[in-house]
Amino acid sequence: MDVMNALEAKNQFGHLLDTAQSRPVQINKHGRPVAYVISTAEYERLQRSQKNILEKAILKANQEE
């Protein structure tokens with residue numbers, strides 16, 4: 001994972017977006033992580049994964065009733 005400070009992210013926004021297409025980029029402010037930039041594909045994968053987990057939990061809860 002690449003790491004940029006907030007000023008670098010601001011000044012190199014195009015580069016940040018290009019990099020985030022292939023791997024997450026951590027943005028730090030005052031030495032602490034404040035954000036991560038990820039590709040649309042990765043975001044959608046995470047959303048599907050979260051949805052699957054929730055659906056499984058609901059099915060399990062319904063079966064236990």
Self-check item: Pair Glu55-Ile58, side chain to side chain contact (heavy atoms under 4.5 Å, CB included): steps then yes or no
Solution: CA-CA 5 Å; Glu55 288 173 350; Ile58 291 168; 5.7 Å; no
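- Rounded to the nearest 0.5 angstrom, Asp2 CG and His15 NE2 are separated by 6.5 Å.
- Scanning for side chain to side chain contact (heavy atoms under 4.5 Å, CB included) contacts around Glu44 gives Thr40, Arg48, with sequence neighbours left out.
- Using a 4.5 Å heavy-atom cutoff, the side chains of Leu54 and Lys51 are not in contact.
- With sequence neighbours left out, the salt bridge (charged side-chain N to carboxylate O under 4.0 Å, His left out) criterion links Asp18 to no other residue.
- By the 4.5 Å side-chain criterion applied to Ile, Leu, Val, Met, Phe, Trp and Tyr, Val34 is assigned to a cluster that also includes Met4, Phe13, Leu16, Leu17, Val25, Ile27, Val37.
- Considering CD of Gln21 and CD1 of Ile38, their distance stands at 10.5 Å, rounded to 0.5 Å.
- Under the rule for a side-chain hydrogen bond (donor to acceptor under 3.5 Å, both in side chains), the partners of Tyr36 that lie at least two apart in sequence or sit in another chain are Gln26.
- Among pairs with a residue in residues 33-42, those fulfilling salt bridge (Lys or Arg N to Asp or Glu O under 4.0 Å) read Glu42-Arg45, at least two apart in sequence or across chains.
- Nearest approach of Pro24 to Met1, heavy atoms of both residues: O-CG, 3.3 Å.
- For Asn5, the side-chain hydrogen bond (donor to acceptor under 3.5 Å, both in side chains) criterion is met by no residue, not counting sequence neighbours.
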